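First the structure, in the form of structure tokens, and then the observations on it.
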Number of protein chains: 4
Amino acid sequence: MVTKSPGKTREKLVSAAMELFAKKGFDKTTVDEIVARAGVAKGTFYLYFKSKDDLIKELAFEVMPIMAMPSLNDPYITVSFPTLESYLLQLGREFLSFYSENYRAEIFFHMLSVRERMKSIDDIYHQACSELLREGARRITAYVKVGFEDALIAFQVFLASLMHYLHAGDCLGFSREHYLKKAVDVVLNHLRLSASV
Amino acid sequence: MVTKSPGKTREKLVSAAMELFAKKGFDKTTVDEIVARAGVAKGTFYLYFKSKDDLIKELAFEVMPIMAMPSLNDPYITVSFPTLESYLLQLGREFLSFYSENYRAEIFFHMLSVRERMKSIDDIYHQACSELLREGARRITAYVKVGFEDALIAFQVFLASLMHYLHAGDCLGFSREHYLKKAVDVVLNHLRLSASV
Amino acid sequence: MVTKSPGKTREKLVSAAMELFAKKGFDKTTVDEIVARAGVAKGTFYLYFKSKDDLIKELAFEVMPIMAMPSLNDPYITVSFPTLESYLLQLGREFLSFYSENYRAEIFFHMLSVRERMKSIDDIYHQACSELLREGARRITAYVKVGFEDALIAFQVFLASLMHYLHAGDCLGFSREHYLKKAVDVVLNHLRLSASV
Amino acid sequence: MVTKSPGKTREKLVSAAMELFAKKGFDKTTVDEIVARAGVAKGTFYLYFKSKDDLIKELAFEVMPIMAMPSLNDPYITVSFPTLESYLLQLGREFLSFYSENYRAEIFFHMLSVRERMKSIDDIYHQACSELLREGARRITAYVKVGFEDALIAFQVFLASLMHYLHAGDCLGFSREHYLKKAVDVVLNHLRLSASV
DNA sequence: TATGAATGAGGCTTCATTCAT
DNA sequence: GATGAATGAAGCCTCATTCAT
């Protein structure tokens with residue numbers, strides 16, 4: 001008797017969808033294609049997801065930037081990273097690794113594109129960004145003596161630089177690690193001069 | 001006598017399309033909606049555009065970042081901006097103004113989302129980004145003594161910060177001008193410390 | 001319990017299409033009309049045919065002359081028809097019966113009309129005709145002592161006469177059987193005089 | 001001053017249409033294509049033809065078989081052709097020449113395909129065929145002592161053979177002239193044996 | 001005569017979703 | 001849980017025809 005590994009169907013669908021969504025966008029990917037790649041029948045899709053939009057929302061949430069920096073919310077992590085530089089490098093590596101896996105970067109940009117028409121996604125995105133920036137700034141102030149606003153700007157510039165790398169990184173030919181180091185440098189330099197005022 | 005404004009049909013279509021594309025994305029906007037808003041018949045659309053994709057491509061090109069900084073390619077502009085700070089502020093204002101008009105920011109993010117499946121757009125985007133970054137870096141080296149690579153990083157961080165503002169600017173509540181000034185500060189601080197090495 | 005006759009949908013579509021194609025031609029028959037007559041929904045059509053052209057090709061192949069004379073390829077059939085006359089009458093009856101059923105004659109002429117723009121049909125048609133003529137001639141030489149070329153001409157004239165009857169038969173008021181007998185006469189007379197040389 | 005050759009516009013349209021109709025069929029050829037090839041504006045088409053169907057009808061009439069054998073209706077022509085053989089060869093040459101020019105053969109088959117839905121064409125076709133066959137038979141009886149019905153059959157077979165050559169002539173590799181001679185042979189042989197009864 | 005922008009009905013095809021098995 | 005045939009609304013695009021110039 002051929003037994004399908006129990007509970008794997010949903011994962012097969014999600015996995016197939018991510019790949020297809022990444023390549024073709026949410027709208028140009030059909031449920032037919034998803035089930036074909038997942039190797040299940042059409043109707044099966046609707047056993048696991050209320051609708052295609054339902055799946056899109058689920059994936060959209062999974063690629064929110066807040067998911068990309070687990071160390072930002074781990075209260076004990078800083079003991080492993082005594083300096084701000086090492087901590088930022090860690091966050092940056094987490095971020096870039098996260099988005100280089102499972103087509104998350106591509107799906108992230110598709111998410112940015114559909115949030116206008118899917119209010120729930122838009123709301124989550126704003127909340128996630130705010131949280132992320134504020135927590136990042138708070139962490140910076142734990143390392144260096146600097147005003148919160150400057151920390152905020154610094155972290156936003158850092159985050160912006162990382163995101164920009166996701167869609168334009170290969171325009172300059174910098175390696176990921178090299179680019180990351182430089183981005184951290186920029187932030188540290190700014191904080192140095194801000195703090196010294 | 002009712003005179004149709006000569007040559008205005010195409011513009012009406014483009015204008016209607018930009019508005020709708022911005023709000024609903026390329027795929028969820030129908031040709032029917034575009035012509036309805038433009039106030040022309042369906043067939044008229046196809047007098048001016050080979051297909052819906054044709055129009056998408058045209059608009060995608062119009063929101064490329066390279067279009068957003070005219071001062072970057074004006075060889076005589078620097079006489080008006082004696083300092084790097086003033087020049088960067090000018091570029092930043094141009095950039096943010098450009099994208100706050102005609103729904104260009106929204107369309108820009110839709111463009112990022114469709115470029116994977118529209119190779120011609122992807123190619124243009126990469127070329128445009130490379131050009132933009134290189135020219136920005138070149139301009140910086142005309143103002144301050146700094147290595148080209150550092151100038152490149154600085155300008156990329158600057159550009160990234162501007163772009164990030166387009167989709168996350170309102171997460172922090174900074175005013176546009178304030179944010180811009182801060183972003184310029186970050187760049188200048190970095191260049192200061194890089195140059196002093 | 002309402003059971004849809006299993007596997008009948010495709011046949012309903014084909015049958016509806018033949019009737020409509022025959023009356024209105026391929027181009028003037030719409031998919032809407034076909035599905036309406038077949039009593040299924042529009043989308044159902046595309047479960048069974050990739051496109052309207054796909055269906056046209058299928059039907060075009062089904063009305064090739066080679067399909068109209070099964071006895072031509074049956075190696076054992078000649079025992080039932082000891083004389084060439086009886087064999088030609090059999091072939092003729094098969095041919096005329098074939099084309100008088102299921103609107104095949106009409107569809108045949110539509111096929112002749114579209115083959116220029118559907119290369120695959122054109123190729124099949126030529127191959128089918130060549131095969132048909134050659135096999136017909138070969139059969140004739142099995143009955144009478146005659147050169148292959150004369151047999152070829154004789155069979156082509158026979159086939160031409162049959163085809164002509166399909167679109168101009170009612171111009172003269174000959175009954176089908178009478179016309180067929182006369183056409184066979186013509187062929188036999190020609191072979192008689194050719195053989196006697 | 002650039003003067004368009006007066007009265008040439010209509011011919012340009014007809015000529016362009018024949019070429020396009022032949023290649024693509026009536027339905028797949030658009031008025032746009034016709035005017036483009038004719039080098040005139042869209043509106044101009046409707047100065048010369050009430051509609052596209054109007055033009056189709058005009059061309060359909062021009063390729064009727066009756067137009068292909070002028071010698072059939074010339075009462076004095078027989079003096080140049082003292083034998084039936086020479087006369088049939090003349091008719092055959094006229095016929096094949098006629099249809100090998102100006103894409104008439106292709107248009108003829110398109111005509112056969114559309115006559116079902118364009119009653120006026122169908123009527124003309126039947127009338128033309130009847131006339132043609134009867135006149136052909138009448139001419140035969142002027143040459144040889146044979147019953148009218150046999151003459152009728154003989155001429156129909158002759159005509160059928162000629163028509164068949166138009167769409168399947170290249171299946172056998174016979175040259176036009178050779179095929180024609182053979183077709184005439186068939187007819188003559190039949191008449192010989194019919195007359196001798 | 002000649003033009004060509006504009007029209008809009010209508011064609012082909014796609015695809016998210018349902019439901020009987 | 002799983003299937004896949006069936007649905008039909010809705011999308012994109014075509015093209016014969018008109019009409020103001």
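Everything numeric here is computed off the predicted structure, so don't read it as measured data. Chain A is the first sequence line, chain B the second, and so forth, proteins listed ahead of strands; every chain is numbered from 1.
At a threshold of 4.0 angstrom between heavy atoms, the contacts of Thr44(D) include nucleobase atoms, whether or not backbone atoms are also involved. Within 4.0 Å (heavy atoms only), Lys42(C) reaches at least one base atom of the nucleic acid. Counting any heavy atom pair closer than 4.0 Å across all strands shown, Phe49(C) reaches no nucleic acid atom.
Distance, Asp27(D) CG to dT14(F) P: 17 Å, rounded to whole Å. Between Lys52(D) atom NZ and dT18(F) atom P there is a gap of 15 Å when expressed in whole angstrom units. Taking atom CZ of residue Phe45(C) and atom P of nucleotide dG11(E), one finds them 14 Å apart after rounding to whole Å. Residue Phe26(A) contributes atom CZ, which lies 17 Å from atom C1' of dA16(E) at whole-angstrom precision. For the pair Leu47(B) CG and dT14(F) C1', the interatomic distance rounds to 11 Å; values are reported in whole Å. Atom CG in Leu20(B) sits about 12 Å away from atom P in dC12(F), given to the nearest Å. Between Leu55(D) atom CG and dA16(F) atom P the separation is 11 Å, expressed in whole Å. Here dC12(F) presents its P atom at 11 Å from NZ of Lys28(B), a figure rounded to the nearest Å.
Note on Tyr46(B): every side-chain N or O is 4.0 Å or more away from OP1 and OP2 of dT14(F). For dA5(E), the OP1/OP2 oxygens have no side-chain nitrogen or oxygen of Tyr48(B) closer than 4.0 Å. Residue Thr9(B) places at least one side-chain N or O under 4.0 Å from the OP1 or OP2 atom of dA6(E).
For the pair Asp53(A) and Lys28(B), the salt-bridge criterion is not met [side-chain N within less than 4.0 Å of a carboxylate O]. Ion pairing between Glu33(C) and Lys23(C) fails under the 4.0 Å rule for side-chain N and carboxylate O.
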After noting the C-alpha distance and the side-chain angles of His167(C) and Phe109(C), does the key distance pass the ring pair (Phe, Tyr, Trp, His ring centres under 6.0 Å) rule?
CA-CA 9 Å; His167(C) 69 268; Phe109(C) 291 109; 4.9 Å; yes
For side chain to side chain contact (heavy atoms under 4.5 Å, CB included), just list the numbers for Val14(C) and Phe49(C), CA-CA rounded to whole Å, side-chain angles, deciding distance to a tenth of an Å, and then say yes or no.
CA-CA 10 Å; Val14(C) 167; Phe49(C) 306 100; 3.8 Å; yes
Working for side chain to side chain contact (heavy atoms under 4.5 Å, CB included), residues Val114(A) and Lys57(A):
CA-CA 10 Å; Val114(A) 296; Lys57(A) 273 173 199 156; over 6 Å; no
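Relative to the side chain of Ala41(A), the nucleotides dT3(E), dC12(E), dT3(F) differ in distance, and dT3(F) lies closest. Taking only side-chain atoms of Thr30(B), from C-beta outward, the nucleotide of dT17(E), dC12(F), dG11(E) with the closest atom is dC12(F).
The aromatic rings of Phe108(A) and Tyr125(A) sit tilted relative to each other, their planes meeting at an angle between 30° and 60°.
Summarising the base pairing, dT14(F) is matched to dA9(E) through a Watson-Crick or G-U wobble pair whose two defining distances lie under 3.5 Å. Pairing for dA20(E) is with dT3(F), a Watson-Crick or G-U wobble pair whose two hydrogen-bonding atom distances lie under 3.5 Å.
When each of Asp53(A) and Val31(C) is assigned the nucleotide of DNA chain E with its nearest heavy atom, Val31(C) is the one assigned upstream, toward the 5' end. Residues Lys50(B) and Ser51(D) each lie close to DNA chain F; by heavy-atom proximity, the contact nearer the 5' end of the strand is made by Lys50(B). Two residues, Gly43(A) and Asp32(A), neighbour DNA chain E, and the one matched to the more 5' nucleotide by heavy-atom proximity is Asp32(A).
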